[in-house]
A.B. asks: 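Supplied in structure tokens, the structure appears directly below.
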Amino acid sequence: MTTGGSDSVAPPSSSTSTPGEVPPCRVEISLTNYILPEEKLQNTPSQQDGLSTSVEEDLRIWGCEMIQNSGILLRLPQVAMATGQILFQRFYYCKSMVRHPVEVAAMACITLASKIEECPRRPRDTANVFHHIRQRRENSGPPTPLNLDQNYINLKNQVIKAERRVLKELGFCVHVQHPHKLIVMYLQQLRCKDNTRLVQASWNYMNDGLRTSVFLRYSPETIACACIFLSARQLEVPLPEEPPWYGVFGAAFSDLEAICLEILALYARERPNLGFLESMVEKARGRLAEERAKSKSLGAVLEQASSGGFSPGGSRPTTPNKSNGGKPRPVVTNEEREASGRHRRRKHSGSSSSPSMSPSPSSAKRKYKSYKSKKHHGGVKKHRSHRHHRHRGGSDGGRRRSWSRTPPHGAGKQRGYRREEPGERREKIRDHNSSYSDKVKYNRY
């Protein structure tokens with residue numbers, strides 16, 4: 001599939017590219033892309049973060065079992081469960097189990113697989129099923145439904161984000177070719193389709209092989225031949241050997257033997273202890289957090305040293321002043337800084353350093369104005385509602401009128417309006433301020 005049209009960059013000539021090499025301007029999409037190389041299978045991201053090989057395999061088996069059990073409870077077809085397990089295996093060859101929880105990834109894979117196989121299930125149903133499986137595993141009494149609280153909302157958001165992360169890491173190449181139909185077709189060619197025990201045993205071996213890395217290392221045709229080969233050996237069903245029947249379908253005996261041994265090793269493995277696995281993951285996660293904190297502190301020190309703010313020899317030297325001819329700036333003590341501050345405050349207030357001298361006329365004028373305003377208003381700061389303004393109904397010298405005694409429309413002078421005395425006005429302002437502060441206090445609470 002080309003990435004551009006006719007005007008795109010032309011592929012390199014055959015003289016510069018080797019046979020079988022994909023040109024750089026093309027993207028190859030085929031069903032063989034899911035087969036991982038051997039070097040990627042050996043050094044996984046989980047092993048790089050401190051997990052052992054046995055712990056990682058046990059976690060993979062446990063995650064695939066959860067996907068299988070949840071698919072049965074969700075009433076999904078077997079194809080959807082197989083797709084979810086293969087996506088789960090692929091994802092953890094790209095990401096670490098220490099950084100990404102296994103249970104959340106399993107929920108995301110079964111949800112994504114249900115959409116791929118056109119039998120979608122809601123994230124709420126998936127969360128309820130996994131909650132039920134956890135209760136059955138812990139034997140915590142009768143099962144209870146999942147509470148729809150903030151924990152449920154957080155879990156649902158984690159599943160949705162994990163589903164997006166799986167798609168991103170797999171490059172949206174989520175197509176899976178299963179060997180289910182191939183098993184039936186091969187047994188029909190071998191004239192063993194009526195042998196239901198052979199068909200069922202081959203099917204069971206193939207489903208159990210989903211818990212291993214077989215589906216990431218071999219083609220579906222080889223896996224189908226290996227399952228038939230193992231079932232025929234167990235049930236003692238004779239198959240053609242001259243020529244070998246698996247050679248007709250393009251499989252090699254070495255691959256069949258390796259697949260059979262890996263599936264049989266799965267049955268000889270002890271059942272994993274979930275508590276031990278979770279403790280190992282927590283230890284690896286703690287070591288990873290410590291390494292991250294150390295690297296972060298080291299990076300901060302290096303950044304400070306590179307910016308010039310770090311001096312291992314002692315205190316930071318004084319910087320030269322450009323206006324002083326390049327000479328270093330003198331160090332000012334706290335006593336000198338306080339003395340200079342007092343001098344600036346005296347200079348700003350207009351008073352001289354000598355106490356015997358009288359203040360300047362401008363400062364005396366400002367003090368008199370402030371004293372006059374305080375005397376007129378009774379020492380109370382003016383509120384916005386106390387400012388002098390003219391009301392309708394005639395001029396009263398800019399003073400506030402008493403509306404309880406004076407009617408509007410200028411009728412105050414005709415009815416003997418009495419001008420208030422300064423002392424009486426001061427007491428009214430104080431009473432009004434106290435009542436206004438009480439109102440504000442009650443309205444606030």
A.B. asks: Sorted by first residue and then second, give each ring-ring contact (aromatic ring centres under 6.0 Å, His included) pair with at least one member in residues 48-88; sequence neighbours left out.
C.D. replies: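 Only Phe88-Tyr92 qualify under ring-ring contact (aromatic ring centres under 6.0 Å, His included).
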A.B. asks: So which atom in Leu198 and which in Leu187 form the shortest heavy-atom distance, rounded to 0.1 Å?
C.D. replies: CD2-CD2, 3.8 Å
A.B. asks: So with a 6.0 Å cut-off around CZ of Arg137, is the heavy-atom count from everything else above 12?
C.D. replies: yes
A.B. asks: Under a 3.5 Å threshold, yes or no: a donor from one side chain and an acceptor from the other, between Gln85 and Arg211?
C.D. replies: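 Not at all, the side chains of Gln85 and Arg211 share no donor-acceptor pair under 3.5 Å.
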A.B. asks: Residues two or more places apart in sequence or in another chain: which of them pass salt bridge (Lys or Arg N to Asp or Glu O under 4.0 Å) with Glu169?
C.D. replies: Lys95
A.B. asks: Who pairs with Arg124 by salt bridge (Lys or Arg N to Asp or Glu O under 4.0 Å), at least two apart in sequence or on another chain?
C.D. replies: none
A.B. asks: Return the set of residues passing side-chain hydrogen bond (donor to acceptor under 3.5 Å, both in side chains) with Gln200 (not counting sequence neighbours), or none when no residue passes.
C.D. replies: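 Partners of Gln200 under the side-chain hydrogen bond (donor to acceptor under 3.5 Å, both in side chains) test: Asn204.
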A.B. asks: Of all residues at least two apart in sequence or in a different chain, which pass the side chain to side chain contact (heavy atoms under 4.5 Å, CB included) check with Ile116?
C.D. replies: Thr83, Leu87, Leu112, Val174
A.B. asks: According to the ring-ring contact (aromatic ring centres under 6.0 Å, His included) rule, which pairs have a member within residues 99-123, sequence neighbours left out?
C.D. replies: Phe91-His100
A.B. asks: Could you list the residues that satisfy salt bridge (Lys or Arg N to Asp or Glu O under 4.0 Å) with Lys115, not counting sequence neighbours?
C.D. replies: Glu163
A.B. asks: Got a sec, which residues hit side chain to side chain contact (heavy atoms under 4.5 Å, CB included) with Gln135, two or more places apart in sequence or on another chain?
C.D. replies: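 His131, Ser140, Pro143, Thr144.
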A.B. asks: Among residues at least two apart in sequence or on other chains, which ones pass salt bridge (Lys or Arg N to Asp or Glu O under 4.0 Å) with Glu103?
C.D. replies: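 Checked Glu103 against salt bridge (Lys or Arg N to Asp or Glu O under 4.0 Å); matches are Arg134.
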A.B. asks: What pairs with Glu262 under side chain to side chain contact (heavy atoms under 4.5 Å, CB included), at least two apart in sequence or on another chain?
C.D. replies: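 Once residues adjacent in sequence are excluded, the partners of Glu262 under the side chain to side chain contact (heavy atoms under 4.5 Å, CB included) criterion are Thr212, Ser213, Val214, Arg217.
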A.B. asks: Testing Ile86, Ile35, Val176 for side chain to side chain contact (heavy atoms under 4.5 Å, CB included) with Phe215, which one passes?
C.D. replies: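 Of Ile86, Ile35, Val176, side chain to side chain contact (heavy atoms under 4.5 Å, CB included) with Phe215 is met by Ile86 alone.
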A.B. asks: Tell me, which pairs form a salt bridge (charged side-chain N to carboxylate O under 4.0 Å, His left out) where one or both residues lie in residues 273-292, sequence neighbours left out?
C.D. replies: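 Qualifying pairs, neighbours excluded: Glu282-Arg285.
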A.B. asks: Got a second to check how far Ser96's OG is from Leu51's CG, nearest 0.5 Å?
C.D. replies: 6.0 Å
A.B. asks: Are Gln150 and Asn154 close enough that a side-chain donor and a side-chain acceptor fall under 3.5 Å?
C.D. replies: yes
A.B. asks: Give every residue pair that meets the side-chain hydrogen bond (donor to acceptor under 3.5 Å, both in side chains) criterion with at least one member in residues 185-199, sequence neighbours excluded.
C.D. replies: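 Counting only pairs at least two positions apart or across chains, no side-chain hydrogen bond (donor to acceptor under 3.5 Å, both in side chains) contact touches residues 185-199.
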A.B. asks: Just checking, any donor-acceptor pair under 3.5 angstrom between side chains of Asp255 and Thr222?
C.D. replies: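 No, no side-chain donor-acceptor contact under 3.5 Å.
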A.B. asks: Just verifying a value: how many Å separate Asn207 CG and Gln78 CD, rounded to the nearest 0.5 Å?
C.D. replies: 4.0 Å
A.B. asks: More than 12 foreign heavy atoms under 6.0 Å from CD of Glu118: is that the case here?
C.D. replies: no
